[in-house]
Amino acid sequence: MLTAAMLLNALLIVLSSHCAWARKSEPSLGEGGAGLFRGSDKYDFAIVVPAAGMECFWHFAHQSGSFYLTYMVQWVTGMANDPRLFVTVSSPQGSLMGSKNEAVGQIHFQTEMTGFYRMCLGNHNNRFGGIRVFLNFGVIYEGFEESKRQMQEEDKVFNSTVAGIEESVQRLQNQIFHVWRHYNFARMRKGKDHHLLLSNLNYVNWWSATQSLLIVLSGYLQLLVLKRLFHRDSSRPRC
């Protein structure tokens with residue numbers, strides 16, 4: 001009888017461990033410390049990708065999040081004449097989640113696993129010039145407060161009025177976050193236009209100086225030619 005009970009306990013332990021391994025890779029909200037690693041992380045900065053080079057970044061994200069990447073090429077250097085940038089985003093397992101080969105692009109998807117997502121920027125279209133690109137990427141978990149509220153509902157420790165206020169605040173935070181994304185995109189475009197205006201101003205100044213120099217030089221040459229036409233040789237007698 002004791003042996004049968006021990007076998008039954010061992011079987012229950014094996015089944016429970018199998019169920020634990022069958023869960024998603026991310027810890028559940030009820031486990032201690034799970035909320036410390038979950039949040040809306042976002043970054044924005046500019047970087048110069050060298051000629052025929054590649055720059056890669058890794059960003060940690062939990063599953064059930066909304067991952068986004070927005071980029072814009074602001075200007076090119078050297079002998080570069082192609083503003084396109086080859087951008088790829090890969091999952092922690094190495095599968096391709098999205099790719100773009102444009103000067104301006106956006107990549108967004110729902111994360112299905114927890115881990116480090118890799119973003120690579122390849123300047124393969126230019127062999128003799130670098131590219132300056134502005135990046136804005138991050139991850140947002142829109143369902144976090146809802147799951148937390150459901151857990152509190154199961155424990156019967158929350159107030160309906162407070163829950164409504166939390167829902168409104170969460171909705172407002174999500175709307176502010178999307179407004180912030182659109183603002184960053186507008187700031188990227190403003191930076192690109194600023195560098196384009198500076199480049200055009202430099203181009204106009206150089207061409208104006210060159211044309212002025214050519215006008216002065218041509219006037220001087222014309223004066224020399226006219227002067228030679230009226231030049232009189234003193235050794236020859238006058239008519």
Side-chain angles (χ1 to χ4, degrees), residues 42-59 67-90 96-108 117-138 177-239:
K42 48 187 179 293
Y43 302 92
D44 59 287
F45 55 88
I47 186 173
V48 176
V49 183
M54 177 179 292
E55 296 287 342
C56 292
F57 301 92
W58 284 262
H59 183 55
F67 191 97
Y68 69 92
L69 167 64
T70 305
Y71 70 93
M72 175 180 290
V73 175
Q74 294 185 320
W75 47 263
V76 294
T77 62
M79 299 178 62
N81 56 4
D82 193 344
R84 293 180 302 168
L85 189 69
F86 185 67
V87 181
T88 60
V89 180
S90 303
L96 183 65
M97 304 301 298
S99 64
K100 291 285 184 179
N101 190 22
E102 302 172 358
V104 180
Q106 296 184 5
I107 300 175
H108 54 86
Y117 287 79
R118 186 179 66 174
M119 298 164 286
C120 289
L121 316 174
N123 186 15
H124 307 309
N125 299 318
N126 297 292
R127 297 291 180 180
F128 303 101
I131 286 182
R132 187 178 189 270
V133 57
F134 190 91
L135 296 175
N136 176 23
F137 62 89
F177 175 76
H178 291 297
V179 170
W180 178 84
R181 285 186 57 191
H182 291 296
Y183 165 75
N184 269 320
F185 190 77
R187 189 175 64 172
M188 292 181 196
R189 188 170 295 278
K190 181 180 179 181
K192 180 181 178 181
D193 294 339
H194 175 71
H195 290 292
L196 180 61
L197 289 175
L198 291 179
S199 177
N200 291 338
L201 179 62
N202 191 24
Y203 175 80
V204 171
N205 289 336
W206 274 103
W207 268 110
S208 298
T210 304
Q211 289 177 355
S212 300
L213 182 62
L214 289 176
I215 291 173
V216 173
L217 184 60
S218 63
Y220 180 73
L221 292 177
Q222 290 177 3
L223 182 62
L224 288 180
V225 171
L226 292 175
K227 187 176 180 181
R228 289 181 64 88
L229 289 176
F230 293 97
H231 176 70
R232 183 176 61 85
D233 192 357
S234 60
S235 62
R236 295 181 180 181
R238 286 186 171 182
C239 296

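Here the structure is a predicted model, which is why all the values come from computation and not from measurement. The analysis underlying the following values was restricted to heavy atoms, covering all of them including side chains, and did not include hydrogens, waters or symmetry mates.
Here the side chain of Asn202 pairs no donor or acceptor atom with the backbone of Leu198 at under 3.5 angstrom.
Of all heavy-atom pairs spanning Val104 and Met72, the tightest one is CG2-CG, 3.7 Å. The two residues Pro50 and Glu55 make their nearest non-hydrogen contact at CD-OE2, 3.9 Å.
The distance from the NZ atom of Lys100 to the CD1 atom of Ile107 is 7.0 Å, given to the nearest 0.5 Å. How far CG of Leu213 is from CG of Leu217: 6.5 Å, rounded to the nearest 0.5 Å. For the atom pair Leu121 CG and Leu69 CG, the distance stands at 7.5 Å (nearest 0.5 Å).
Counting only heavy atoms from C-beta outward, the side chains of Ile131 and Thr77 never approach each other to under 4.5 Å. Put simply, the side chain of Tyr117 does not reach to within 4.5 Å of the side chain of Phe57, judged on heavy atoms.
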In a table with atom names and distances, give each donor-acceptor pair under 3.5 Å that connects a side chain of residues 80-90 to protein atoms at least two apart or in another chain.
unit_1: Asp82; atom_1: OD1; unit_2: Arg84; atom_2: N; d: 3.1
unit_1: Asp82; atom_1: OD1; unit_2: Arg84; atom_2: NE; d: 3.2
unit_1: Asp82; atom_1: OD2; unit_2: Arg84; atom_2: NE; d: 3.2
unit_1: Asp82; atom_1: OD2; unit_2: Arg84; atom_2: NH2; d: 3.0

Criterion side chain to side chain contact (heavy atoms under 4.5 Å, CB included) on Ile47 and Leu135, from CA distance to verdict
CA-CA 8 Å; Ile47 186 173; Leu135 296 175; 4.2 Å; yes
Tyr71 and Met119: CA distance, side-chain angles, deciding distance, side chain to side chain contact (heavy atoms under 4.5 Å, CB included) verdict:
CA-CA 11 Å; Tyr71 70 93; Met119 298 164 286; over 6 Å; no
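The list of side-chain hydrogen bond (donor to acceptor under 3.5 Å, both in side chains) pairs with a residue in residues 209-219, not counting sequence neighbours, is empty. Counting only residues at least two apart or in different chains, salt bridge (Lys or Arg N to Asp or Glu O under 4.0 Å) contacts with residues 200-213 are absent.
Under the side-chain contact (heavy atoms from CB on, under 4.5 Å) criterion, Asp44 pairs with Phe134, Asn136, Trp180, Asn184, Arg187, not counting sequence neighbours. Taking the side-chain contact (heavy atoms from CB on, under 4.5 Å) definition, one finds that Gln106 meets it with Thr70, Arg181, Phe185, sequence neighbours left out. Residues meeting the side chain to side chain donor-acceptor pair (under 3.5 Å) test with Tyr220, sequence neighbours left out: none.
Ring centroids of His59 and Phe137 are separated by less than 6.0 Å, placing the two rings close together.
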